[in-house]
Amino acid sequence: MTVYTGYLAIHKFEAELERELEIRGLKVAMKKDRLYLVEGQHPQLIWAQMTAFDLEFINITSINDGAKKLKALGRNWGLFTVGHHRRAQLIQDELPKINKKPIPFRHPLPSMPMGFWTLWEPDQMLASQKTSSPFALGEMDFQEDKEMPPSRAYLKLWEFFTVYAPEAIHGGTSIDVGSCPGGWTWVLRTLEFDKVYSVDKAPIEKRIMDLGRIDFRQESAFGLDPKNFEEIDWFCSDIICYPERLLNLVNRFRESGKVKNFVCTIKYQAETDWENTLKFLEIPGSRIVHLHHNKHEVTWFLKGANS
């Protein structure tokens, strides 16, 4: 039986996924709406909202038959409709309900696998119980803090530490470069680091500074010398700059051997900078993901950089 890897493109970023498929030499076998199917087994892609592995076509005779066959494969199912919307929803309604309530920061991830399915034809489903995210279609929402963060950029760091680094330590030292107005500095401070360096030409919000244990340095992040810092547990950046400039900054700190872990937003201007994005991926052990809270940007991270 032929199996497929399914890539659900991010809304309005279909071109980025198509370009990534081309770069990786992956040929699209079938496509409907934002769902791209590639024959065989392939890895998760950066610009896929969600990747479904080992997808198979399943013939059904009725709505009840479709629900029965999905239940036999697993409990949790995320539906993305590519057509036959009403019929697909009737099948979904017969499945166990998924809790989609917003979660607190660093809430434990769901332990049960999250499957993916769609009604490809009225009598044919496409389904897999193995996907890249514990959340339906890779979508997650937080119980937001409406008071302290000066912008919603903090949600990116919340998502990263919840999904990709739940083991992040309490204590130690972190640095937030390009920190104004202070959202990421606030997150790092709430993680109870012993010291948070916050660096920007413009000051961060006073209510963030008043939290204490923040060493604010009003200077350009790109002029920083790693020699002026002790060992850094987490190097964090949401700075607005060209990817090449961020790469140079990261490499300077990485080569110093003083940083254990990195998490940085790679931001794009008019077009996605694939040349420098791929250079980030050349750094051994690193990974790039498009977070649910990212826009035209991606998140690069490297854990255990000097271990």
Side-chain angles (χ1 to χ4, degrees), residues 1-60 66 69-70 73-74 76-89 91-92 95 98 113-140 159 163-164 266 268 270-275 277-278 280-281 287-300:
M1 181 180 292
T2 302
V3 298
Y4 298 87
T5 302
Y7 298 106
L8 181 61
I10 302 158
H11 179 55
K12 294 185 179 180
F13 293 113
E14 293 87 347
E16 275 70 21
L17 177 60
E18 291 172 4
R19 177 60 178 144
E20 187 176 5
L21 288 164
E22 180 183 350
I23 289 172
R24 294 180 181 267
L26 298 179
K27 185 178 180 181
V28 177
M30 289 176 273
K31 173 185 178 298
K32 284 190 178 184
D33 201 291
R34 292 189 284 124
L35 181 60
Y36 296 72
L37 302 185
V38 179
E39 190 171 328
Q41 297 177 330
H42 303 284
Q44 181 178 355
L45 296 185
I46 298 169
W47 286 98
Q49 174 178 316
M50 182 276 320
T51 302
F53 307 99
D54 300 335
L55 279 167
E56 295 182 0
F57 284 102
I58 302 170
N59 294 326
I60 62 173
K69 287 179 176 177
L70 288 173
L73 294 174
N76 295 331
W77 293 96
L79 166 66
F80 179 78
T81 59
V82 297
H84 322 293
H85 307 290
R86 176 60 178 162
R87 185 173 173 84
Q89 187 58 53
I91 295 174
Q92 183 71 24
L95 302 176
I98 299 172
M114 177 58 66
F116 167 83
W117 80 282
T118 188
L119 194 60
W120 197 258
E121 300 293 349
D123 59 354
Q124 188 180 56
M125 302 186 305
L126 182 65
S128 171
Q129 185 58 15
K130 184 180 178 182
T131 65
S132 60
S133 175
F135 300 99
L137 306 185
E139 298 173 347
M140 63 176 301
E159 181 177 349
V163 178
Y164 296 101
I266 304 174
Y268 304 116
E271 296 181 0
T272 301
D273 182 346
W274 280 104
E275 179 182 356
T277 299
L278 294 175
F280 270 98
L281 276 180
R287 186 177 173 190
I288 296 177
V289 294
H290 186 283
L291 301 175
H292 178 61
H293 294 93
N294 281 140
K295 295 179 182 177
H296 190 203
E297 58 191 13
V298 294
T299 297
W300 170 82

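Values below: all heavy atoms of this structure, side chains included; hydrogens, waters and symmetry mates excluded.
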Side chain [X], main chain [Y], donor-acceptor under 3.5 Å:
X: Lys295; Y: Glu297; result: no
X: Thr51; Y: Gln44; result: no
X: Thr5; Y: His42; result: yes
X: Glu39; Y: Ala29; result: no
X: Gln49; Y: Leu137; result: yes
X: Arg34; Y: Ala9; result: yes
X: Thr131; Y: Ser133; result: yes
X: Gln92; Y: Trp77; result: yes

Any side-chain heavy-atom pair from [X] and [Y] closer than 4.5 angstrom?
X: Tyr7; Y: Val28; answer: no
X: Leu278; Y: Phe280; answer: no
X: Phe80; Y: Leu126; answer: no
X: Leu95; Y: Leu79; answer: no
X: Thr272; Y: Trp47; answer: yes

Any donor-acceptor N or O pair under 3.5 Å, side chains Glu139, His292: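 No.
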Atom of [X], atom of [Y] and distance for their closest heavy-atom approach:
X: Tyr164; Y: Leu291; result: CE1-CD2, 3.5 Å
X: Ile58; Y: Lys69; result: CG2-CD, 3.8 Å
X: Ala127; Y: Leu70; result: CB-CD2, 3.8 Å

Using a strict threshold of under 4.0 Å (side-chain N to carboxylate O), is an ion pair present between Arg19 and Glu22?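 Yes, Glu22 and Arg19 are salt-bridged.
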Between the side chains of Glu121 and Lys32, is the shortest nitrogen-to-carboxylate-oxygen separation below 4.0 Å, so that they form an ion pair?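 Looking at Lys32 and Glu121, the cut-off is met.
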Parallel, tilted or perpendicular, as decided by the 30° and 60° cut-offs, for the rings of Phe57 and Tyr4: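 Tyr4 and Phe57: perpendicular rings.
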So, applying side-chain hydrogen bond (donor to acceptor under 3.5 Å, both in side chains) with Asp54, which one of Gln129, Lys130, Gln41 is it?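 Testing each of Gln129, Lys130, Gln41 against Asp54, the sole residue satisfying side-chain hydrogen bond (donor to acceptor under 3.5 Å, both in side chains) is Gln41.
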